[in-house]
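Heads up: the structure comes next, in structure tokens.
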Amino acid sequence: MLEVLICGAGPVGSFFANLMEQFGHTYRIIDSEPIEARLGQSRALLLTARTLEVMEDRDIAREILSRALLSRGIRLHSDTKQLTEVEMSGLDSTFHHMTTLPQWRIEEILHKRLSKKVERPVKLISYVQESDHVVAKLQHGDDTDNIEEVKAKFLIGADGVHSTVRKGTPGWNFDGVVINSPSVLADVTFTGDKLPDFRYFNFIDSKNGALILIPIPDNSGEKIITRMVVSLGALSETKDNEGKVSQGIKNDAPPTLEELQTLIDQRCGYFNMKAVNPQWIAKFGINERRANGFRRGRCFVMGDAAHCHSPAGGQGLNLGFQDANNLAWKISSVLKNTAENPEVLLDSYYEERYPIIDTTINGTGRMGRSVFQRTIFSSFMRSLVLPMALTIPSIHDKVGFTIQQLWITIPTSSALLAEKSASSIIEPGKYMPDSCTLNPKDIVNLPPQTIKSIFKKTDRYIALLVWNHAGDDDASAGFWNLLQTYKRFVRPIVVESKNYIGRYRVPQYARNNADGTNGFWCDTRGRLAELLGIEDNRAGIILVRPDMYVAFSESYDGQNEIPLESFERHLSSQVKSD
């Protein structure tokens, strides 16, 4: 029986398929559209720092970055001058830049990494849930007689706002708000004797309306063009509880190039710009919606099938990628029978994601309204209050921090997290940071690496013991030996920080262990311990989930034998022992 059937081969479904392949599961991925329908349509294009961190954990980021365009930040202009700017260079992330790559190119990269081809055009017609699997009916092409019945352990809906997976279960609703303001996007080349600096995203707050300009790679990948976004009318809202979803690209006839130029002339402020060589022009609609749950039995939704909102801030695609990252390891754990409580684990997908989704819907909604509303108050906020506020370093940095999604943590209410300890150690729910270079104890066979490169592509929990000017190999033996009971599901790693390293050798007790070679590391400067908040002369145990969020953390007196009771208690509540 197939383990996972994935409906939707957009970027979110394709990323989920990549994760299933990395975790060693059988899957099929289908899409109702032929590939020609998507080529050249840039659609979503911003990748945040948090998403790139997730992609790097899965060894995908570098291929994406090799095709992407990196911008320095955001500039805000009035009709007559530049008002302010937000630089990203100060962000505490490896990816401190605005990163753009057309959606179709992201899909292409993800598809090429799969050993199985996307099956298209194939659409889900219906499904029925049994106690231990889902029976799905698939139609191949336009032939209504070419129906295939597929059995899968899990069904994944990454099939957009009109999700067949979501609609296939009565009462699985997608209520929300329709924003009644037609908008236009276009991918064009700008010429003229006075252009914005396209090393930045540019927002022009003209008295005639807003004009947003985002630099992106063209379809060839060699040249830089511009995504322009304009709203065509005043904003209004309609509450919709009947599922009349109008989010996304419209089939209406798009504006002509001449009509676009008229809009540009009205809103370009002190710049002189002419749009030429359009690669794509389209109208789009905005809804703010969230499904009433992301799980029904063995069926799940993610990305636009689970939530949609204003494109302001470019958060949507990134939320979808992070949905996939949150769910994939949980489904893998259930399929591999490693979860102590499978139902709690699967339910945690919605419980952990919906607070983040709601915060994003509210935040992008406020941002979109502030950008496109033409009231005296909104103009005052954009032209005077915002520029003044951004001169304050803490506010300036928070804008970048928010846009780049570095604020995202797992809610403390999650059943998968231990309680916060009283010490300064990194809290459960925080994203695991990267470190400086660590030296391996097995220095003959391994090169120096950062902590995240050591973790890369894991499908197991990581149990990390870090000493800070304390402990040694002998003191780590109890921790190591405890984890042998969980070795199929948890990988132990020991790091000695600020210690005198007598020998670069794996301890005798771990030398014949499968995890021993890659399990002992040295950080002579103690940077990792400082990063994790482990004080001098102390030790810390950090349990890291496969999605790189911290599940447990506790600091101990490094001069005494480390008590392992609370760590083992939490561990045994999450994963099965061997």
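Predicted, not measured: the structure shown is a model, and the values here were computed from it.
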### Query
Does a sphere of radius 6.0 Å around NZ in Lys250 hold more than 12 heavy atoms from other residues, nucleotides or ligands, not counting ones at 6.0 Å or beyond?
yes
### Query
Is the NZ atom of Lys283 crowded by more than 12 outside heavy atoms at less than 6.0 Å?
yes
### Summary
Residue pairs passing the ring-ring contact (aromatic ring centres under 6.0 Å, His included) test with at least one member in residues 237-271, sequence neighbours excluded, are His77-Tyr270, His77-Phe271
### Message
Assess whether a salt bridge exists between Arg545 and Glu352, defined as any Lys/Arg side-chain N lying under 4.0 Å from an Asp/Glu carboxylate O.
### Response
yes
#### Entry: Salt bridge present between Glu56 and Lys456 (N-O < 4.0 angstrom)
yes
### Message
Using the rule given for side-chain hydrogen bond (donor to acceptor under 3.5 Å, both in side chains), can you reason through Thr450 versus Asp434, listing the C-alpha separation, both sets of side-chain angles and the distance that settles it, and then say yes or no?
### Response
CA-CA 7 Å; Thr450 68; Asp434 208 352; 3.0 Å; yes
#### Entry: Contact summary for Val161 and Cys308, nearest pair of heavy atoms
CG1-CB, 4.0 Å
### Task
Taking all heavy atoms of His396 and all of Glu87, pick out the closest pair and write down the distance.
NE2-N, 3.2 Å
### Task
Only counting residues at least two apart or in another chain, list the ones meeting side-chain hydrogen bond (donor to acceptor under 3.5 Å, both in side chains) with Asp323.
His307, Arg353
### Query
Any donor-acceptor pair under 3.5 Å linking the side chain of Asp31 with the backbone of Glu33?
yes
### Query
Any chance the side chains of Asp187 and Trp280 put a donor and an acceptor closer than 3.5 Å?
no
### Query
Between Arg67 and Glu108, is there a salt bridge with N-O shorter than 4.0 Å?
yes
### Task
Would you check if the side chain of Arg50 reaches a backbone N or O of Ile408 as a donor-acceptor pair within less than 3.5 Å?
yes
### Task
Go through the steps for Ser78 and Asp205 under the test side-chain hydrogen bond (donor to acceptor under 3.5 Å, both in side chains), then give the verdict.
CA-CA 5 Å; Ser78 70; Asp205 184 29; over 6 Å; no
### Message
Whether the side chain of Arg105 engages the backbone of Asn219 through a donor-acceptor N/O pair (distance < 3.5 Å, no angle test) should be reported.
### Response
yes
### Message
I'd like to know if Arg72 and Glu85 make a salt bridge, using a cut-off of under 4.0 Å between side-chain N and carboxylate O.
### Response
no
### Query
Do Asn180 and Glu237 have side-chain N/O donor and acceptor atoms under 3.5 Å apart?
no
### Query
Within the side chain of Asp218, is there an N or O that forms a donor-acceptor pair under 3.5 Å with the backbone of Ile224?
no
### Query
Under a 4.0 Å N-O cut-off, is there an ion pair linking Asp347 with Arg295?
yes
### Message
Tell me whether Asp57 is salt-bridged to Lys452, with the criterion being a basic N under 4.0 Å from an acidic carboxylate O.
### Response
yes
